[in-house]
2 protein chains.
Amino acid sequence: MKQPLSRDSIVTEALRQLTSSGIAGMSLRKVAAALETGPATLYAYVEGLSELHALILDRALAKVTVRPTANTSWRDRLQRLLRSYARVLTASPGLAQLALGTIAVGPNALRITEALMALLEEGGVDPATGAWAVDLLMLYVTAIVAERGGGVDPAAPKGFVARAVDAVSERDYPHVHAAREQLLSGTGEERFAWALQVILEGILRRPRSSAVEPAATTKSRPRKRSAHAR
Amino acid sequence: MKQPLSRDSIVTEALRQLTSSGIAGMSLRKVAAALETGPATLYAYVEGLSELHALILDRALAKVTVRPTANTSWRDRLQRLLRSYARVLTASPGLAQLALGTIAVGPNALRITEALMALLEEGGVDPATGAWAVDLLMLYVTAIVAERGGGVDPAAPKGFVARAVDAVSERDYPHVHAAREQLLSGTGEERFAWALQVILEGILRRPRSSAVEPAATTKSRPRKRSAHAR
DNA sequence: ACCTGAACACCGTTCAAGT
DNA sequence: ACCTGAACACCGTTCAAGT
């Protein structure tokens with residue numbers, strides 16, 4: 001009675017399950033059941049679970065907005081793009097973990113990479129640095145989303161970490177103790193925005209063309225190196 | 001005949017399995033079998049799988065060297081410490097994924113946080129910035145290890161990504177196409193070292209006390225902001 | 001009271017037997 | 001030749017029945 005079963009309908013159902021029930025709520029067997037067939041049938045359309053993961057990821061990434069409202073600085077547009085990427089990953093619990101295990105080379109991942117490279121170039125970042133920078137930026141965003149939303153299970157007692165950090169021994173961990181409030185401060189949004197600024201600033205100041213730190217110099221004093229990237 | 005069974009022996013055996021066989025090679029049932037008991041028995045010593053994960057992680061982190069050879073710059077020592085952390089995560093396939101899902105508040109994780117905070121302070125980073133910086137640095141390192149070593153399975157065809165990137169359409173993805181060699185260039189070590197320098201540079205230039213970018217300014221020109229943090 | 005064998009409710013993947 | 005029910009080899013967790 002359902003639609004005639006296809007790669008497409010399998011991916012749609014799988015993403016639906018992931019979005020509504022998290023990583024534990026999606027399985028080949030449940031997808032098969034929802035599509036009113038046996039689990040073995042799916043193997044006619046999909047290589048296995050890990051190919052399905054890749055397909056789900058790219059399907060989800062279609063929702064990322066790569067052309068945010070113009071008329072703002074490239075920095076602002078880059079931050080909006082990465083926020084859109086983070087939002088899409090957050091919308092389907094477990095998608096970020098899945099993204100970390102899957103090297104995204106689907107068309108939608110490429111579309112995001114392309115847009116980020118263009119924005120960095122607009123910011124004066126040379127292509128060699130831009131290539132690595134895109135990896136770094138996307139990895140950071142994926143990781144931070146993966147770190148928070150482990151799953152959809154409400155098993156995370158919000159106070160548990162706070163209690164552990166608060167109880168830290170002043171004698172054994174003086175720096176941690178002194179900064180215990182700072183370690184827990186800030187909303188996710190604030191930390192995300194700060195981290196992006198940090199990484200972006202570093203990218204602009206440390207093009208790949210710049211020499212590598214010679215190990216035994218410096219004393220907190222920043223080096224005179226190229227600010228005018230490329 | 002085996003040792004009398006304890007939290008400790010369970011963690012030891014679990015970490016042994018993880019190290020030798022990756023995340024798929026470790027399970028509560030296999031640990032129980034190796035310890036010559038039934039799976040239910042473990043629940044007398046451990047709350048469940050996720051507590052075991054946290055215990056394994058902290059046990060593994062004991063091997064991280066937090067006091068690298070002195071007589072070098074704080075930057076150098078910080079990089080050595082993070083490399084040691086990365087090495088420990090890499091040594092047990094799947095440990096990094098597990099670390100992303102587990103908020104590490106065990107004594108060994110605290111020891112690492114403490115050492116990083118001390119090094120950043122030595123570098124002139126204020127405690128408020130240092131607290132967030134430690135999170136960012138550890139998250140990056142954890143994520144990059146998690147991204148590569150998905151498991152111990154040799155299922156990763158090294159050429160697969162290269163082929164996908166090489167085949168990218170010049171018309172649809174001009175920037176990606178132009179930088180396709182750069183996207184694949186460099187060893188893991190080189191990218192790791194570069195990324196750490198980028199993040200560190202950003203941390204030094206963007207203390208939390210600095211104002212937030214006012215959205216519609218800049219043109220790649222860096223701001224005059226404090227290099228001499230705090 | 002404590003420990004645990006067996007059961008429960010799941011997995012992904014394979015394959016022989018049917019159409 | 002193609003599709004798939006049933007089986008295989010696993011999971012984590014629970015619980016009643018034994019000591």
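Excluded from the calculations below are hydrogen atoms, water molecules and symmetry mates; all remaining heavy atoms, backbone and side chain alike, are included. Numbers restart at 1 for each chain; the letters A, B, ... are given by sequence-line order, proteins then strands.
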Query raised in the report: For DNA chain C, which consecutive runs of 3 or more Watson-Crick or G-U pairs (each distance under 3.5 Å) count as stems?
Result: C:4-8 with D:12-16, C:12-16 with D:4-8
List for me each residue that meets side chain to side chain donor-acceptor pair (under 3.5 Å) alongside [X], sequence neighbours excluded, and say none if there are none.
{"X": "R16(A)", "answer": "E13(A)"}
{"X": "R191(A)", "answer": "D135(B)"}
{"X": "E170(B)", "answer": "none"}
{"X": "R59(B)", "answer": "D8(B), T12(B)"}

Requested in this report: List in chain and number order the residues that pass salt bridge (Lys or Arg N to Asp or Glu O under 4.0 Å) with R111(A), two or more places apart in sequence or in another chain; answer none if no residue qualifies.
Outcome: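 Counting only residues at least two positions away or on another chain, R111(A) forms no salt bridge (Lys or Arg N to Asp or Glu O under 4.0 Å).
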Query raised in the report: With R7(B), which residues qualify under salt bridge (Lys or Arg N to Asp or Glu O under 4.0 Å), at least two apart?
Result: E51(B)
Requested in this report: Would you kindly compare A40(A) and P39(B) by the position of their nearest DNA chain D nucleotide and give the one closer to the 5′ end?
Outcome: A40(A)
Query - Boundaries of the chain B footprint along DNA chain D (any atom under 4.0 Å from a heavy atom) - result: dC11(D) to dC15(D)
**Report entry** Y85(B) and its side-chain hydrogen bond (donor to acceptor under 3.5 Å, both in side chains) partner, picked from T90(B), T142(B), T65(B)
**Finding:** T142(B)
Just jot down the side-chain contact (heavy atoms from CB on, under 4.5 Å) partners of [X], sequence neighbours excluded, or say none.
{"X": "L28(B)", "result": "L42(B), Y43(B), L49(B), L52(B)"}
{"X": "D58(B)", "result": "P107(B), N108(B), A109(B)"}
{"X": "A128(A)", "result": "D126(A), R208(A), Q182(B)"}

Query raised in the report: What integer number of Å spans the C1' atoms of dC3(C) and dC15(D)?
Result: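 About 12 Å, rounded to a whole number of Å.
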Query - Near-strand residues of residues 41-58 of chain B, defined as heavy-atom separation under 4.0 angstrom from DNA chain D - result: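 Contacts with DNA chain D under 4.0 Å: Y43(B), G48(B), L49(B).
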